[in-house]
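Convention: sequence-line order gives letters A, B, ...; per-chain numbering from 1.
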Number of protein chains: 2
Amino acid sequence: MPMEANSTADVMVVPISRRSLHEELAARLRDMIVEGALPAGRKVSERELCERFGVSRTPLREALKVLASEGLINLNQNRGATVAALTRADLEEVFPIMGALEALSGSLACARMSDAEIEAVAKLHDQMVESFKAGDRPTYFKLNQAIHRAILIGSGNETLFATHQMLAGRIHRARYMANDDSDRWRAAIEEHEHILAALQDRDGPRLAVILSDHLRNKLASVMRHFSEE
Amino acid sequence: MPMEANSTADVMVVPISRRSLHEELAARLRDMIVEGALPAGRKVSERELCERFGVSRTPLREALKVLASEGLINLNQNRGATVAALTRADLEEVFPIMGALEALSGSLACARMSDAEIEAVAKLHDQMVESFKAGDRPTYFKLNQAIHRAILIGSGNETLFATHQMLAGRIHRARYMANDDSDRWRAAIEEHEHILAALQDRDGPRLAVILSDHLRNKLASVMRHFSEE
DNA sequence: AAATCGAATTATGCATTCATAATTCAAATA
DNA sequence: TATTTGAATTATGAATGCATAATTCGATTT
């Protein structure tokens, strides 16, 4: 996906293709659910959302079907949609899968990323360590995600990225609901040191193991703080 | 998902909840695409499908949105839907992911499957070997799939199963389009012997490695016979 | 007062209709 | 004859309408 700055020429050629409404709606609703603006278990009223977004029910309902297939909402026949609740069982299912996917991505990334790209990850890592030292959780959280994302993308496998993203969306709420305690936070930073080192060494198998363990530890941390919704 | 035989009592209680049309349509179309009844690249005409299934465009279009999110069809703004073509790049992306997922499932299955369930896999395996000896490819293919499926389900991780299923759907066409040659077929049987042995030994790490390799080898075989559509 | 029944209301599932973008095809032009 | 233009046709995107299932809420009964 090319991301050049918008030159005038670009603006003339590309930009007309507005996304269809169902796509736009799915993206917005997905974001609202993932970010917790729509709390888990809450009834999703078609009428209310139609009014909020100023669209008819047709594209909205199309978007709801897509989100249901992603596991973000549940559709009950003739009884409307509800935001899918996250259970401990969900977390125990999803985290190991993400671990396996990240392990694969790390392994591939070691072989495919350019030196410059790895250097960019190192920059993100340093910034992340800074935000840890400053106790700035929101920034830490963003940079942490950026690093994992960079490795996923660095794998060069778009399907891998997309699959991971879908699962990450499902558990995002829990991930930042349950903040790491200071011990776990420190340990996470240390794991990230190892992640960066393995990546810089381009040691795929080692990075795979580290990432898998990292996710396992993250699950344990989340589970400690997670209360069923 | 309980699957008891339909007693009269069950029939009175459960069965009324007919699936919604969009769900039914998505399932039917998914099957048609996966099984190759709708060839890759082919335009998906809404009118034609509406007539065939006797429904209006509304639920059909809902189903199409879902299938698009699964990667089975492509939607082009104002220009309709087409069955997604499978490229070599797709296979090279999807197989390693399935390998990672099956490796995880094998690892979990070793810990969680009951002896009886493992015995059932052994039965499937023996039947599969029989069909190999008989040169019966269709039966071999079905039993092979049944074994992988049993291990996926044996992992006890429904999300893992669902994620795998979605990816498997995307590449199913290629998998049976490109039949193994006799050398590869023989090798596949041998790999399955190792799979069964590791499962019976409940040696999770070993099974994970074997399954991952198995998928890698399958990819190589498919790639040899696969011609871009 | 609590529980139950049922009419009224509301929401959902699907069909139909409308507006617009894409495509087709024949006529006009070079 | 090949190419281009544009009117007619067709298909898609989205809104509206209709039938039915679910829910609400007040009246009735115990």
Side-chain angles (χ1 to χ4, degrees), chain A residues 11-30 32-33 38-85, chain B residues 11-30 32-33 38-85:
Chain A
V11 173
M12 300 304 289
V13 178
V14 180
I16 309 97
S17 72
R18 200 177 96 256
R19 283 203 289 190
S20 56
L21 283 184
H22 81 94
E23 224 172 330
E24 187 68 36
L25 288 167
R28 298 258 208 122
L29 288 171
R30 189 180 294 115
M32 288 170 69
I33 294 170
L38 291 178
R42 161 129 157 222
K43 178 97 196 299
V44 177
S45 160
E46 293 184 5
R47 191 180 48 72
E48 185 186 322
L49 291 175
C50 286
E51 284 170 10
R52 181 203 285 241
F53 292 117
V55 299
S56 77
R57 286 172 56 217
T58 304
L60 177 73
R61 285 168 59 80
E62 290 169 353
L64 291 180
K65 304 294 183 284
V66 170
L67 295 178
S69 89
E70 294 175 11
L72 289 176
I73 65 175
N74 297 321
L75 297 178
N76 304 76
Q77 182 83 305
N78 290 320
R79 293 168 53 167
T82 53
V83 177
Chain B
V11 172
M12 300 304 288
V13 179
V14 178
I16 308 99
S17 71
R18 200 177 97 256
R19 285 204 285 190
S20 57
L21 282 184
H22 81 93
E23 225 173 330
E24 187 68 36
L25 288 167
R28 298 260 208 121
L29 288 169
R30 190 181 294 117
M32 290 170 69
I33 294 170
L38 291 178
R42 159 125 158 227
K43 177 94 197 298
V44 177
S45 160
E46 292 184 5
R47 189 179 49 74
E48 186 186 322
L49 291 175
C50 286
E51 285 171 10
R52 180 202 285 242
F53 293 118
V55 299
S56 77
R57 286 172 57 218
T58 305
L60 178 73
R61 286 168 58 81
E62 289 169 352
L64 292 180
K65 304 295 183 282
V66 170
L67 295 178
S69 89
E70 294 174 11
L72 289 176
I73 65 175
N74 297 321
L75 297 178
N76 304 77
Q77 181 83 302
N78 289 323
R79 292 169 53 171
T82 54
V83 177

### Message
Give the residues of residues 51-75 of chain B touching DNA chain D, defined as any heavy atom closer than 4.0 Å, sorted by residue number.
### Response
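Only B:R57, B:R61 qualify.
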### Query
Say you draw a straight line from CZ of B:R52 to OG of B:S45; how long is it, rounded to the nearest 0.5 Å?
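The OG atom of B:S45 is 10.5 Å from CZ of B:R52, to the nearest 0.5 Å.
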### Task
Evaluate the side-chain proximity of B:E70 to B:V66: yes if any heavy-atom separation is below 4.5 Å, no if none is.
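In contact.
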### Query
Is any side-chain heavy atom of B:I73 less than 4.5 Å from a side-chain heavy atom of B:L38?
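No, too far: nothing below the 4.5 Å cut-off.
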### Message
Can you tell whether the side chains of A:E48 and A:R42 come within less than 4.0 Å, N to carboxylate O?
### Response
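Judged by the 4.0 Å cut-off on N to carboxylate O distance, A:E48 and A:R42 do form a salt bridge.
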### Task
Among B:L25, B:L72, B:V44, find the residue that satisfies the side-chain contact (heavy atoms from CB on, under 4.5 Å) test when tested with B:L64.
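Of the listed options, the one satisfying the test is B:V44.
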### Over all atoms of both residues, closest heavy-atom pair of A:K43 and A:T82
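Scanning both residues, the minimum pair turns out to be CA-CG2, 4.0 Å.
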### Shortest non-hydrogen contact between A:G71 and A:A84, atoms and distance
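Taking every non-hydrogen atom into account, O-CB, 3.5 Å.
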Figure out the [atom1]/[atom2] separation between [X] and [N], and round it to whole Å.
{"X": "A:E24", "N": "D:dG13", "atom1": "CD", "atom2": "P", "answer": "15 Å"}
{"X": "B:R47", "N": "C:dA15", "atom1": "CZ", "atom2": "C1'", "answer": "17 Å"}
{"X": "B:E46", "N": "C:dT16", "atom1": "CD", "atom2": "P", "answer": "15 Å"}
{"X": "B:K43", "N": "D:dT10", "atom1": "NZ", "atom2": "P", "answer": "14 Å"}
{"X": "A:H22", "N": "D:dA14", "atom1": "NE2", "atom2": "C1'", "answer": "11 Å"}

### Query
Counting only heavy atoms not in B:R30, do more than 12 sit closer than 6.0 Å to its CZ atom?
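Counting other residues, nucleotides and ligands, CZ of B:R30 exceeds 12 neighbours.
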Report, one pair per line, the protein and nucleotides 19-24 of chain C atoms (nitrogen or oxygen only) whose separation is under 3.5 Å.
unit_1, atom_1, unit_2, atom_2, d
C:dA21, O3', B:N78, ND2, 3.3

